[in-house]
Every structure is written in C-alpha cells, then in structure tokens.
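As structure tokens, the structure follows; a few thoughts come after it.
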Amino acid sequence: MTGPNNLHTLLSFLLAILHYAWPVLGGTNRTIDDQWGDSVTGILPTYLPANDTWQQGANCSSCYSRPNASLAYDGSWHDVSYIPGGPAPMVARFTFDGTAIYVYCILDNHSNYTTLTNLTFRLDNETVGSYVHTPNALSPVFQYGVPVYSNTSIPNGAHTFELETDASDNGSVILFDYLQYT
Ligand SMILES: *[C@@H]1O[C@H](CO)[C@@H](O)[C@H](O)[C@H]1NC(C)=O
Ligand SMILES: *[C@@H]1O[C@H](CO)[C@@H](O)[C@H](O)[C@H]1NC(C)=O
Ligand SMILES: *[C@@H]1O[C@H](CO)[C@@H](O)[C@H](O)[C@H]1NC(C)=O
Ligand SMILES: *[C@@H]1O[C@H](CO)[C@@H](O)[C@H](O)[C@H]1NC(C)=O
Ligand SMILES: *[C@@H]1O[C@H](CO)[C@@H](O)[C@H](O)[C@H]1NC(C)=O
Ligand SMILES: *[C@@H]1O[C@H](CO)[C@@H](O)[C@H](O)[C@H]1NC(C)=O
Ligand SMILES: *[C@@H]1O[C@H](CO)[C@@H](O)[C@H](O)[C@H]1NC(C)=O
Ligand SMILES: *[C@@H]1O[C@H](CO)[C@@H](O)[C@H](O)[C@H]1NC(C)=O
Ligand SMILES: *[C@@H]1O[C@H](CO)[C@@H](O)[C@H](O)[C@H]1NC(C)=O
Ligand SMILES: *[C@@H]1O[C@H](CO)[C@@H](O)[C@H](O)[C@H]1NC(C)=O
C-alpha cells in the first residue's frame with residue numbers, strides 16, 4: 001500500500017533527481033553584454049591591452065564602423081581594430097561558470113577601411129578556434145548577431161574565455177556584441 005509518507009518520499013526523490021539532472025539537461029542561458037556585463041553577476045568583460053584602446057561603438061564618433069545601434073543586442077557593441085605594427089593582440093576577456101558558450105559579433109563589409117574580421121578564441125588559455133570574415137560581394141553592409149564561436153562541450157566549472165584579433169599584416173576589426181553561456 002502507498003500511504004502519504006511513501007508518496008512524499010517518492011516526490012522528494014523525483015525532485016532531487018530533477019535538481020541534480022537540471023545542469024546536465026542543459027541549465028539556463030545567461031548573457032554577458034559587451035557594455036553591461038553579466039546579466040546575473042554584473043561582472044564586466046576586460047578589454048586589453050588597455051580598456052581605452054577599445055571603444056563603445058554605439059556612441060563613438062571617431063569609429064569608422066557605424067552599425068545601426070537599434071539592431072545590436074542592448075544597443076551596444078565594443079569596437080577595436082588591430083592596425084599592423086600597432087599594439088597586439090587586442091583581447092576581450094570573460095569569466096563564466098558553465099558548460100557551453102555562444103559568442104556573437106557584428107560584421108562590417110565596407111571596403112574603404114579595415115573590415116576583415118580575423119579572430120582567435122581561447123578557453124582557459126588554450127586556443128580552441130578561429131573565425132574569418134572577408135568583405136565580399138555577397139555580404140550585406142552590416143550583419144548583426146553573427147555567431148562566431150560556440151562550444152557546447154565544456155567541462156562544468158569556472159572558465160576564462162578570450163576573444164582576440166589576429167595580428168598578421170591584413171589587420172582585423174572586432175565589433176563584439178555579446179555572448180551567452182549555459
Ligand atoms: C542557449 O542559447 C543557445 C544559442 O542561442 C541555444 O542553442 C541553446 O539551446 C540555449 N540553451 C538553453 C538551455 O536555453
Ligand atoms: C572602461 O573605461 C570606461 C571609461 O573610462 C569606463 O566607464 C568603463 O567602466 C571601463 N570598463 C571596464 C571594463 O573597466
Ligand atoms: C566609407 O564609405 C562609406 C560609403 O560607402 C562612407 O559613408 C564612409 O564615410 C567611408 N568611411 C571612411 C572611413 O572613409
Ligand atoms: C535602424 O534599425 C531600425 C530598426 O530596424 C530602423 O527602424 C531604423 O530605420 C534604422 N536606422 C537607420 C539609420 O537605418
Ligand atoms: C549612448 O548614448 C545614449 C544617449 O546618451 C544613451 O542613452 C545610451 O545608453 C548610450 N549607449 C551606450 C552603449 O553607452
Ligand atoms: C597562459 O599562457 C601564456 C603563454 O603560454 C602564459 O604566459 C600565461 O602565464 C598563461 N596564463 C595562465 C592564466 O595560465
Ligand atoms: C570546447 O572546449 C573544450 C574544453 O576546453 C575543448 O577541448 C574543445 O576543443 C572545445 N571545442 C570547440 C568546438 O571549440
Ligand atoms: C561588400 O564588400 C564588397 C567588397 O568590399 C563589395 O564588393 C560589395 O559590394 C559589398 N556588398 C554590399 C552589399 O555593399
Ligand atoms: C587570419 O589570421 C591568421 C593567423 O594569423 C592568418 O594565418 C590568416 O592569413 C589571416 N587571414 C586573412 C584573410 O588575413
Ligand atoms: C591577407 O589576405 C589574403 C587574401 O585574403 C591572404 O591570401 C593572405 O595570406 C593574408 N595575409 C596574411 C599575412 O594573413
């Protein structure tokens with residue numbers, strides 16, 4: 001016979017399974033915005049080699065790239081270019097606790113300044129990927145929310161993620177919009 005006590009035990013057991021299985025089943029996504037930081041912890045990205053080599057693109061009158069701010073996530077993005085011979089690499093560094101990451105940039109296709117986007121990704125100090133967008137006849141002038149890197153097989157725990165410009169002779173721009181982690 002199943003009495004109320006047994007039912008209670010069964011429910012507690014099922015809830016416990018759900019509690020521990022939740023992260024394995026996928027957990028929830030959080031966002032780190034380029035400007036406003038982590039949606040839960042508020043931790044901001046670190047921009048190197050110095051914070052002021054990067055610009056907040058939305059309100060930057062000296063930046064060549066002028067995307068439409070209302071199409072960027074939270075109306076903001078960070079803009080930096082590696083100019084051959086200049087300081088390198090340009091790095092945006094993030095800390096997060098999770099098992100998956102999805103990184104989004106804006107791409108620019110103008111031909112009258114550096115719009116090559118040539119990125120390297122590092123997770124916990126290990127190179128895990130790269131991304132190249134070359135201006136081309138098929139690309140729109142600007143593309144928003146372009147996924148440049150994702151990884152859904154990261155061991156659960158605290159991690160450091162770095163997005164950096166290539167430092168070869170063609171230069172590179174980064175228009176970093178936001179990332180999500182699970
Ligand atoms: C998190 O976001 C990514 C990319 O948008 C999506 O593929 C994934 O299913 C989301 N995960 C969860 C748990 O919502
Ligand atoms: C970068 O510098 C600006 C202007 O000095 C400041 O408002 C912002 O909080 C700084 N960001 C970080 C992540 O240190
Ligand atoms: C690049 O060309 C666009 C028009 O195609 C113009 O609006 C913009 O001012 C130019 N930018 C630079 C840095 O020359
Ligand atoms: C920016 O995008 C918004 C939303 O799509 C649009 O209403 C607006 O006209 C655009 N602005 C420019 C300057 O293109
Ligand atoms: C840009 O400036 C406008 C007007 O001052 C402000 O409302 C907005 O928050 C600024 N955006 C960023 C990303 O700083
Ligand atoms: C990352 O790697 C570089 C070069 O191999 C090394 O100098 C640096 O100390 C490492 N940083 C961490 C946090 O492990
Ligand atoms: C994802 O991260 C793990 C752990 O750092 C790494 O071994 C793997 O190569 C990465 N996968 C991708 C697609 O970047
Ligand atoms: C994108 O850039 C390429 C090369 O700079 C140019 O040929 C093409 O017309 C551009 N596309 C648009 C939609 O402007
Ligand atoms: C992108 O950067 C890599 C690494 O430095 C380099 O080998 C490659 O030629 C670059 N791609 C372009 C199109 O410049
Ligand atoms: C510059 O770009 C061209 C064509 O996209 C490529 O062939 C070349 O290897 C790149 N140079 C460097 C130094 O990456």
Side-chain angles (χ1 to χ4, degrees), residues 29-37 39 44-94 96 100-123 125-154 159-182:
N29 277 345
R30 294 177 177 181
T31 301
I32 302 181
D33 183 61
D34 71 290
Q35 178 73 7
W36 314 111
S39 56
L44 297 173
T46 304
Y47 296 102
L48 302 167
N51 183 14
D52 63 0
T53 53
W54 290 70
Q55 303 280 345
Q56 171 46 245
N59 290 338
C60 172
S61 52
S62 62
C63 295
Y64 290 165
S65 287
R66 306 301 309 143
N68 182 340
S70 61
L71 300 176
Y73 183 85
D74 263 354
S76 67
W77 65 93
H78 264 64
D79 177 321
V80 79
S81 292
Y82 165 68
I83 309 296
M90 306 308 200
V91 181
R93 181 181 295 155
F94 310 86
F96 70 99
I101 191 170
Y102 310 86
V103 184
Y104 301 93
C105 285
I106 299 170
L107 301 180
D108 187 339
N109 189 54
H110 282 91
S111 51
N112 50 343
Y113 52 90
T114 299
T115 56
L116 172 66
T117 300
N118 193 349
L119 310 176
T120 300
F121 309 108
R122 284 206 307 229
L123 190 60
N125 223 12
E126 177 199 345
T127 299
V128 287
S130 60
Y131 179 87
V132 179
H133 169 78
T134 312
N136 68 79
L138 298 176
S139 290
V141 180
F142 289 106
Q143 289 167 267
Y144 299 85
V146 176
V148 294
Y149 177 70
S150 69
N151 190 339
T152 54
S153 57
I154 301 173
H159 299 284
T160 300
F161 176 77
E162 291 173 313
L163 164 69
E164 66 178 49
T165 53
D166 159 55
S168 67
D169 289 348
N170 287 333
S172 173
V173 67
I174 304 181
L175 304 172
F176 168 68
D177 194 352
Y178 69 105
L179 67 76
Q180 286 185 306
Y181 66 95
T182 309

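Keep in mind that what you see is a predicted model, and the values were worked out from it rather than measured.
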Could you check if a side-chain atom of T160 sits within less than 4.5 angstrom of a side-chain atom of L123, using non-hydrogen atoms only? no

Check side chain to side chain contact (heavy atoms under 4.5 Å, CB included) between S168 and all other residues, then give those that pass, not counting sequence neighbours. D166

Under the salt bridge (Lys or Arg N to Asp or Glu O under 4.0 Å) definition, can you give me all pairs with a residue in residues 108-122, not counting sequence neighbours? R122-E162, R122-E164

For a side-chain contact (heavy atoms from CB on, under 4.5 Å) check, start with the C-alpha distance between I101 and I154, then their side-chain angles and the critical distance, and finish with the verdict. CA-CA 8 Å; I101 191 170; I154 301 173; 3.8 Å; yes

Heavy-atom nearest pair, A69 first then W77, reads CA-CZ3, 3.7 Å

Go through it in stages, so that I can follow the logic: the residues are Y102 and N29, the test is side-chain contact (heavy atoms from CB on, under 4.5 Å), and I'd like the CA-CA distance, side-chain angles, deciding distance and then a yes or no. CA-CA 10 Å; Y102 310 86; N29 277 345; 4.3 Å; yes

dist L179:CG -> I32:CD1 (nearest 0.5 Å) comes out at 4.5 Å

If the condition is ring-ring contact (aromatic ring centres under 6.0 Å, His included), which residues does Y113 pass it with, not counting sequence neighbours? Y64, H110

Is there any salt bridge (Lys or Arg N to Asp or Glu O under 4.0 Å) pair reaching into residues 63-89, and which pairs are they, with sequence neighbours excluded? none

Is it the case that the side chain of S172 and the backbone of T165 share a donor-acceptor pair, with hydrogens and angles ignored and the cut-off at 3.5 Å? no

Please name all residues satisfying side chain to side chain contact (heavy atoms under 4.5 Å, CB included) with N68, sequence neighbours left out, ordered by chain then number. S70, L71, Y144

By side chain to side chain contact (heavy atoms under 4.5 Å, CB included), N109 pairs with (sequence neighbours left out) H133, P135, S139

Looking at every heavy atom in both L107 and Y131, which two are closest together, and how far apart are they? CD1-OH, 3.5 Å

Side chains of Y82 and P89: does their closest heavy-atom pair fall under 4.5 Å? no

Show me the side-chain donor-acceptor pairs of residues 145-153 shorter than 3.5 Å, one per line, residues at least two apart or across chains.
{"unit_1": "Y149", "atom_1": "OH", "unit_2": "N151", "atom_2": "ND2", "d": "3.0"}
{"unit_1": "N151", "atom_1": "OD1", "unit_2": "S153", "atom_2": "N", "d": "3.0"}
{"unit_1": "N151", "atom_1": "OD1", "unit_2": "S153", "atom_2": "OG", "d": "3.2"}

What heavy-atom pair brings D33 and S76 nearest, and what distance separates the two atoms? OD2-OG, 3.0 Å

Which residues pass the ring-ring contact (aromatic ring centres under 6.0 Å, His included) test with Y178, not counting sequence neighbours? Y73, Y104

Would you check if R93 and L48 make a side-chain contact, meaning some heavy-atom pair closer than 4.5 Å? yes

For a 4.5 angstrom cut-off between non-hydrogen side-chain atoms, does L119 reach I174? yes

Restricting to non-hydrogen atoms, name the atom on S81 and the atom on M90 that form the minimum distance, rounded to 0.1 Å. O-CE, 3.7 Å

If the condition is side chain to side chain donor-acceptor pair (under 3.5 Å), which residues does Q56 pass it with, not counting sequence neighbours? D34, Q35

Under 3.5 Å, side chain of T120 to main-chain N/O of S130, donor-acceptor pair present? no

Specify whether Y181 and F96 have parallel, tilted or perpendicular ring planes, treating 30° as the upper limit for parallel and 60° as the lower limit for perpendicular. tilted

Validation row: I106, P67 side chains within 4.5 angstrom (heavy atoms): yes

When rounded to the nearest 0.5 angstrom, what distance separates CZ in F94 from CG in L44? 10.5 Å

List the steps and the verdict of side-chain contact (heavy atoms from CB on, under 4.5 Å) for F176 and V103. CA-CA 8 Å; F176 168 68; V103 184; 4.0 Å; yes

OG/S65 to CD/Q55 distance, rounded to the nearest 0.5 angstrom? 12.0 Å

